[in-house]
Amino acid sequence: MRRKIEDLNQKIQNLEEENKILKEKLEFSTEIIATDKEKGEEIEEENAKLKETIENLKGKIESKRSVDLLEKELVGYINLRLKYDRDLINILPIGTKSADLLEAAKNGVLLCKLINDSFPLTIDNRAINYEINEESSLENHNLCLNSAKWIGCNVSEIEPQSLLNGDESSILQLTWEIIKLGLFSNLKIIKHPEIVVLFDENNKKGLSQELIDEINKIPPENILLKWINYHIHRAGEKRIIQNFSEDLQQPIVFATLMNQLSPQLCPLAEFAKETDPDIQAKMIEKFASNLDCKQFISAQTIMSGKYDQLNAAFLALLFHTRSGISISKEQAQKIVFDDHDRAGTREERALRIWINSMGIQPKVYDLSKDLRDGLVILKVIDKIEPNLVNWKKVNLVPNDVFKKLENCNYVIELGKSLHLHLINISGENIQEGNKTLILGFVWQAMEYHIKTILTKLNVIQSGRITDKDIVTWANTKIESAGKQSSIPNFKDRSLQNGIFLIDLVYSISPKAINYNFIQSGNSDEECMNNALYAISLCRKIGASIFALPEDIVEVKSKMILIVVGELMRIDKLINQK
């Protein structure tokens, strides 16, 4: 019995040793599995990083292709538009290498000329520096950027120095903005009275001023889309084009539109023989060439569905070349509009561009319409007096009248806290789109802005700056430069000949001016020429000017105050650092 017990204990001991060995093997196996799992996770992580790197690289390659394509199209357009400009004889034609445009734009002359091509007389050619060095080139870029701001370009992130350095991103962005705005800004009744046909095809409304005003408030992109749909629907197409990317990815849309404009030069029967979209896209290139409108279009831009801006530019250019719509001469003569502004007066244009120059979104096309929900004005107040707006009080999605009115009432509350003169103006007036009262509010906001800047710069020793302070500074500044101009206030009629402003610019930056270009101002024409030169000189030394020459000649005191205040700011930055 004892023997059996000993044998049993031995077996138990043996089993325990075997169990111990198995346990050790299990732990070892577990460690191996854990190690393999860890290695597997590391491999997966490395693969994910590699995949991300590849995707980033693909993105960079695609971005580079897009930039190269954009640069190619911009160069082609510039060479065509400016080829007869004698001042550019040593620059044009621009070559096809990626750095050629950057080099051509570095001295600022090309960009100034491009602005005048898109918006004639924006820049006085007398103000452009043609004797090039670093200082004169920088002045040209100041002139270009501040003029670009005036025509509506978004240049808030572009510096003159970056243009001078040949920064690719800055130069391409600015060049594209100038060309795009030039093409789109002409999509208005003043240039194309026939646009009314798109909105009153059967002449049911008649050429009423209400219809014209309504059309004048429509963004140019929407007019262009309306024009495309007008033609393709007349051809029997049912689709509705709502954008310049995916909706235009089918070559048939371009073919139908171009056939409507010229059946002989763009035959649909020939197009219909091809079923391969890539070949069809190549045919669109041929049609564009037939219509003498080759810029901004290629099979690549059509088929990718990504080049919405180039598609839009091509279609705008096509519209200007051959719109395919018309009205009679008698109808055109009935259309009455303001040459300076498709949305109203010169004052409204200046204020609208001032707001848009801040980079505020959505872009403002009409002050009486686009400010009615209060959001844009609140964004303006936030720009001119940061942290004043309590955004928790704001209805960011004002989708009914009551929320819009709450926003507008808050605008009035904040305006009063800024000590703006808001007699007889309420939030309801803004919400209803009262043009006169809205103009008055924005004017005061603009004046508050420049005076706040000057006060913070300590251009005077104490207190908030006043109109009288600005007048005194300007007179003293001119006198110290040895000039005779002087004014008692901003309503003085001597301002109309522009010489006071020219002398003021001279007192800030003498090298910027050539007095051989200045006329006596004894006639309206001479006054206008001086005023045009004065505005370009202001922009040349770095001032953001939202005035027109007419504002000086007509002695618009509020606008001249803003101009002189801005020059006061520039003087502080240039001469009193």
Side-chain angles (χ1 to χ4, degrees), residues 62-63 65-74 76-77 172 176-177 179-187 192 195 197-199 201 218-263 265-325 363:
E62 184 63 31
S63 177
R65 287 174 179 168
S66 299
V67 168
D68 289 345
L69 180 60
L70 175 62
E71 190 168 339
K72 175 187 172 184
E73 296 298 336
L74 294 178
Y77 184 82
L172 288 182
W176 172 243
E177 282 273 321
I179 292 175
K180 179 183 70 173
L181 278 175
L183 291 171
F184 277 26
S185 69
N186 287 325
L187 288 168
H192 295 280
I195 284 174
V197 173
L198 303 176
F199 299 88
E201 186 175 348
I218 298 174
E221 294 89 343
N222 293 357
I223 289 177
L224 197 56
L225 290 170
K226 184 84 172 177
W227 172 68
I228 298 168
N229 287 313
Y230 170 87
H231 279 302
I232 66 173
H233 292 166
R234 285 171 67 88
E237 275 282 344
K238 301 299 183 183
R239 73 184 79 200
I240 298 176
I241 306 303
Q242 296 179 313
N243 58 63
F244 298 106
S245 51
E246 292 88 354
D247 287 359
L248 293 176
Q249 206 167 353
Q250 296 297 323
I252 185 62
V253 177
F254 285 98
T256 304
L257 170 63
M258 297 162 89
N259 175 262
Q260 285 291 107
L261 301 180
S262 179
L265 297 176
C266 308
L268 264 184
E270 179 182 341
F271 180 87
K273 292 177 183 178
E274 298 292 345
T275 56
D276 186 334
D278 291 323
I279 297 177
Q280 289 180 337
K282 286 287 185 183
M283 292 186 69
I284 298 303
E285 287 186 26
K286 178 183 176 183
F287 287 175
S289 181
N290 293 345
L291 295 173
D292 195 25
C293 189
K294 297 184 290 184
Q295 281 70 45
F296 308 117
I297 188 74
S298 69
Q300 181 182 355
T301 60
I302 296 169
M303 296 305 298
S304 73
K306 298 177 181 178
Y307 296 97
D308 55 324
Q309 291 187 322
L310 289 177
N311 286 339
F314 165 72
L315 290 164
L317 191 61
L318 183 61
F319 179 96
H320 298 313
T321 304
R322 191 186 295 248
S323 71
I325 51 179
K363 190 171 184 178

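- For the pair Asn229 (side chain) and Ile240 (backbone), a donor-acceptor distance under 3.5 Å is absent.
- The distance from atom CE of Met283 to atom CZ of Phe287, rounded to the nearest 0.5 Å, is 4.5 Å.
- Considering only heavy atoms from C-beta on, Ile302 stays 4.5 Å or farther from Phe314 through its side chain.
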Given Ile223 and Phe319, is the side-chain contact (heavy atoms from CB on, under 4.5 Å) satisfied, shown in steps?
CA-CA 11 Å; Ile223 289 177; Phe319 179 96; 5.5 Å; no
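- Judged purely by atom type and a 3.5 angstrom limit, His320 uses its side chain to pair as donor or acceptor with the backbone of Leu183.
- A donor-acceptor contact shorter than 3.5 Å links the side chain of His233 to the backbone of Arg239.
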Glu237 vs Val253, side-chain contact (heavy atoms from CB on, under 4.5 Å): CA-CA, chis, key distance, verdict:
CA-CA 9 Å; Glu237 275 282 344; Val253 177; 6.0 Å; no
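- Taking CD of Gln260 as the reference point, atom CD1 of Ile325 lies at 12.5 Å (rounded to 0.5 Å).
- Sorted by first and then second residue, the side chain to side chain donor-acceptor pair (under 3.5 Å) pairs with a member in residues 242-259 read Asn243-Ser245, Asn243-Asp247; sequence neighbours excluded.
- Annotation: the span from Leu291 atom CG to Ile297 atom CD1 amounts to 11.0 Å, rounded to 0.5 Å.
- Shown here for Ile284 and Ala255, the closest heavy-atom pair between the two residues is CD1-N, 3.6 Å.
- Nearest heavy atom pair, residue Ala281 against residue Met303, reads CB-CG, 3.8 Å.
- Residue pairs meeting the side chain to side chain donor-acceptor pair (under 3.5 Å) criterion with at least one member in residues 279-292, sequence neighbours excluded: Glu270-Lys286.
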Derivation and outcome, side-chain contact (heavy atoms from CB on, under 4.5 Å), residues Gln295 and Ile179:
CA-CA 12 Å; Gln295 281 70 45; Ile179 292 175; over 6 Å; no
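- Donor-acceptor pairing under 3.5 Å is recorded for the side chains of Gln300 and Tyr307.
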Determine, step by step, whether Leu318 and Trp227 satisfy the side-chain contact (heavy atoms from CB on, under 4.5 Å) criterion, reporting the C-alpha distance in whole Å, the side-chain angles of both residues, the deciding distance to 0.1 Å, and the verdict.
CA-CA 11 Å; Leu318 183 61; Trp227 172 68; 4.1 Å; yes
